[in-house]
Novice: 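The structure that follows is given in the form of structure tokens.
Not measured: the values here are computed from a predicted model.
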Amino acid sequence: MKKIVIEGGAKLQGSINISGSKNSSLPILAATLLIDEKIILNNVPNVKDILTMVSLLETLGKKIKIKNNTLEITSTNKPSYFAQYELVKTMRAGILVIGPLLAKFNMAKVSLPGGCAIGARPVDIHLDFLSKIGYENKVVKGYVVSKKKFSKNKISFFFKKISVGATETAILSSCLSSKEVKLINIAIEPEVIDLINFLNRSGTNIKFIAKRSLIIKGVKNLRGLKYQIMPDRIEAGTYMVASAITNSPLILKNISVVHLKNIINIFKKIGLNIKILSDRSLKVLPGRLKSIRIKTVPYPGFPTDMQAQLMSLLIFAKGISEIKEDIFENRFLHVLELQRMGAKIEIKNNKAKIIGIDYLSGAQVMATDLRASVCLVLAGLVAHGKTEINRIYHLERGYENLVKKLKNCGAKIKIINVR
């Protein structure tokens, strides 16, 4: 077991290189199951979720070499359509292999996924789509068992709720189809667009016909390629909060400013000064924090994956702020831990009311999910005294070298082993 220990109050300075996107890498890795030729992926973050997905792909017939942040992926002569519970239980993205497996084999057996405890996040929308395109799906002893029953000449599917994961499953399961597939009311997060770009580069024909609608014309075979994963916009937003909460200027490099516009706009409203240096870098110049009312919504709205980090910053905003969580129903678990540090936050249903205060006090706290973990790190950077964060394996799932990056900028932070 490990924990993070932070002595709060240190100022930060310098620059941070943002890693590749975890949430883009995972569906693209799943997509490699569609391709028999060699694939090279660059800018893949070295985090636990990626290593878990690599292990899963290796059980499904891939051979993967990892060197720094580059993955070389080839096929073996032992493909499989069985995704085991042991490799899917820790991450939500495990369900994404079901689409490629069905596209390749017309059958799949995939464990129901795990991941962060932030809400039910059922796979019903995934299965609704698969049923629509001709698959029979049953849940048997914790596994989704699917097989082909019929096919249609043309398929049109409307997503009853915007879902990143279900959109990705629909795209991945349609790439090798001989039928035309139309998807309506899809998620358009940058990570979804990155997946589409990867697939089109490999030979698929995916075209947008409206802002949230596209048509997929499948092909028989996809070709190998080299591909650069997009920068992690959530990691970039997290370090923007680290700059603001410690009242320290920081430069962020290897970002996509276009992908960050929705986050930057909100940060400007609460008083941060953000200087765009190029389309790949910016400088955060903290300002006087102001309260705000905001809700999490699908892209291009404010992302749910930045909600906890924003909350840690609004603790110090003058007045009363409100965050409405409209994506997941159980994503305020970090509030109890922030309250242990002195935060004044009230929860009612899916709304959090944050009453601005002057300081937090270091405390023993426990991480409950990936973004809640980093929210506590951010609070610890500025809290008076020592903060100890337990159960940091959540952080290791999604942030590459978090402690090292902050320490290089002057934070008094370390990881220690505990019995």
Novice: Under the side-chain contact (heavy atoms from CB on, under 4.5 Å) rule, what do I209 and K182 come out as? Steps first, then yes or no, please.
Specialist: CA-CA 9 Å; I209 55 174; K182 183 178 181 181; 3.5 Å; yes
Novice: Do S373 and Y399 pair up side chain to side chain, a donor and an acceptor below 3.5 Å, judged on atom types alone?
Specialist: no
Novice: Is there side-chain contact between R397 and H394, with at least one heavy-atom pair below 4.5 Å?
Specialist: yes
Novice: How long is the span from the CD atom in E191 to the NZ atom in K22, to the nearest 0.5 Å?
Specialist: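 Spacing of CD (E191) from NZ (K22) equals 9.5 Å.
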Novice: Just by distance, do the side chain of K11 and the backbone of T246 share a donor-acceptor pair under 3.5 Å?
Specialist: yes
Novice: Can you find a heavy atom in the side chain of L250 that is under 4.5 Å from one in the side chain of C409?
Specialist: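 Contact flag for L250/C409 side chains = yes.
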Novice: Going through the distances and angles, do N137 and S146 end up as a side chain to side chain donor-acceptor pair (under 3.5 Å)?
Specialist: CA-CA 4 Å; N137 309 290; S146 301; 2.5 Å; yes
Novice: If every non-hydrogen atom of G203 is compared with every non-hydrogen atom of L222, which pair is closest and at what distance?
Specialist: C-CD2, 4.0 Å
Novice: Out of curiosity, K65 NZ to I73 CD1, how far, rounded to the nearest 0.5 Å?
Specialist: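 Reported value, rounded in 0.5 Å steps: 12.5 Å.
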Novice: Shortest non-hydrogen contact from E189 to Y299?
Specialist: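 That closest heavy-atom pairing would be OE2-N, 2.9 Å.
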Novice: Is the backbone of D326 close enough, under 3.5 Å, to the side chain of T296 for a donor and an acceptor to pair up by distance?
Specialist: yes
Novice: Between CD1 of I315 and CG of L310, what distance do you get to the nearest 0.5 Å?
Specialist: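 Reported value, rounded in 0.5 Å steps: 10.0 Å.
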Novice: Return the minimal non-hydrogen interatomic distance between F302 and Q307, and the atom names on each side.
Specialist: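 So the minimum-distance heavy-atom pair works out to CE2-N, 4.1 Å.
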Novice: I'd like to know whether S174 forms a side chain to side chain donor-acceptor pair (under 3.5 Å) with S177, so could you lay out the CA-CA distance, the side-chain angles of the two residues, the decisive distance to 0.1 Å, and finally the verdict.
Specialist: CA-CA 5 Å; S174 303; S177 172; over 6 Å; no
Novice: How far does CZ of F267 sit from CG of N262, to the nearest 0.5 angstrom?
Specialist: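 One finds 10.0 Å between CZ of F267 and CG of N262.
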Novice: Find out whether P286 and S243 are in side-chain contact, i.e. whether some heavy atom of one side chain is under 4.5 Å from a heavy atom of the other.
Specialist: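 When only atoms from C-beta onward are counted, S243 and P286 do touch, with a gap below 4.5 Å.
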Novice: Over 60° means perpendicular and under 30° means parallel, so classify the ring planes of F198 and Y227, tilted if in between.
Specialist: perpendicular
Novice: Do S25 and L41 make a side-chain contact, defined as non-hydrogen atoms from C-beta onward lying under 4.5 Å apart?
Specialist: no
Novice: Checking side-chain polar atoms at under 3.5 Å, does T70 have a donor or acceptor matched by the opposite partner on N42?
Specialist: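 Distance-only check passes for T70 and N42.
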Novice: Check I263 against G237 and note the closest heavy-atom contact, atom names and distance.
Specialist: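 Looking at all heavy atoms of both residues, the closest pair is CG2-CA, 4.4 Å.
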Novice: Flag yes if more than 12 heavy atoms outside Y81 fall under 6.0 Å of its OH atom; otherwise flag no.
Specialist: no
Novice: Any donor and acceptor pair, going by atom type alone, linking the side chain of N43 with main-chain N or O of I229 inside 3.5 Å?
Specialist: yes
Novice: If you define the side chain from C-beta out and look only at heavy atoms, does anything of I345 sit under 4.5 Å from H334?
Specialist: no
Novice: Is Q13 atom CD crowded by more than 12 heavy atoms from other residues, nucleotides or ligands, each under 6.0 Å away?
Specialist: no
Novice: Is it the case that atom CZ in R288 sees more than 12 heavy atoms from other parts of the structure closer than 6.0 Å?
Specialist: no
Novice: Between the side chains of K161 and D128, is the shortest nitrogen-to-carboxylate-oxygen separation below 4.0 Å, so that they form an ion pair?
Specialist: no
Novice: Mark yes or no for whether N205, through its side chain, and I216, through its backbone, hold a donor-acceptor pair below 3.5 Å.
Specialist: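 Not a single qualifying donor-acceptor pair exists.
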Novice: With a 3.5 Å cut-off and no angle check, do the side chains of S75 and K62 form a donor-acceptor pair?
Specialist: yes
Novice: Spell out, as yes or no, whether a donor-acceptor pair under 3.5 Å connects the side chain of T76 to the backbone of G61.
Specialist: yes
Novice: Given L272 and L289, is the side-chain contact (heavy atoms from CB on, under 4.5 Å) satisfied, shown in steps?
Specialist: CA-CA 7 Å; L272 302 193; L289 297 177; 3.7 Å; yes
Novice: Looking at side-chain heavy atoms only, is the closest gap between L402 and Y239 below 4.5 Å?
Specialist: yes
Novice: Mind checking whether S24 and R233 have side chains closer than 4.5 Å, heavy atoms only?
Specialist: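 No, their side chains stay 4.5 Å or more apart.
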Novice: Hey, is OH on Y359 packed in by over 12 heavy atoms from elsewhere, all under 6.0 Å?
Specialist: no
Novice: Please check if the number of heavy atoms outside K405 that lie under 6.0 Å from its NZ is greater than 12.
Specialist: yes
Novice: Using 0.5 Å steps for rounding, measure from the CG atom of L214 to the CD1 atom of I206.
Specialist: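 L214 atom CG to I206 atom CD1 measures 7.0 Å (nearest 0.5 Å).
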Novice: Any salt bridge linking E388 with K3? Criterion: basic side-chain nitrogen under 4.0 Å from a carboxylate oxygen.
Specialist: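 Here E388 pairs with K3 in a salt bridge, since their nearest N and O are under 4.0 Å apart.
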Novice: Side-chain contact test, heavy atoms from C-beta onward, threshold under 4.5 Å: evaluate it for M306 versus V241 and give yes or no.
Specialist: yes
Novice: Please determine whether the number of non-hydrogen atoms from other residues, nucleotides or ligands lying under 6.0 Å from atom NZ of K275 exceeds 12.
Specialist: no
Novice: Is it the case that the side chain of D305 and the backbone of I234 share a donor-acceptor pair, with hydrogens and angles ignored and the cut-off at 3.5 Å?
Specialist: no
Novice: What orientation do F129 and F159 show, parallel under 30°, tilted 30 to 60°, or perpendicular over 60°?
Specialist: parallel
Novice: On a heavy-atom basis, which atom in S173 and which in A103 lie closest, and how many Å separate them?
Specialist: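 Taking every non-hydrogen atom into account, O-CB, 4.0 Å.
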Novice: Quick check: does any side chain N or O of R212 sit under 3.5 Å from a backbone N or O of I186, one acting as donor and the other as acceptor?
Specialist: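 At least one qualifying donor-acceptor pair exists.
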Novice: Within this structure, what is the CG-CG distance for the pair L260 and L252, rounded to the nearest 0.5 Å?
Specialist: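 The CG atom of L260 sits 8.5 Å away from the CG atom of L252.
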Novice: Verify side-chain contact (heavy atoms from CB on, under 4.5 Å) between N350 and K295, making sure each step is shown before the conclusion.
Specialist: CA-CA 10 Å; N350 65 334; K295 64 180 178 179; over 6 Å; no
Novice: Might you work through the side-chain contact (heavy atoms from CB on, under 4.5 Å) test for I320 and S291, ending with a clear yes or no?
Specialist: CA-CA 6 Å; I320 298 175; S291 59; 5.7 Å; no
Novice: Say whether, by atom type as modelled, one donor and one acceptor occur between the side chain of Y135 and the main chain of L102 under 3.5 angstrom.
Specialist: yes
Novice: So, does S202 use its side chain to make a donor-acceptor pair with the main chain of L199 at under 3.5 Å?
Specialist: yes
Novice: Of all heavy-atom pairs between V88 and L112, which one has the smallest distance, and what is that distance?
Specialist: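 Heavy-atom minimum between the residues: CG1-O, 4.1 Å.
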Novice: Determine yes or no for a side-chain-to-main-chain donor-acceptor pair under 3.5 angstrom, with R201 supplying the side chain and K226 the backbone.
Specialist: yes
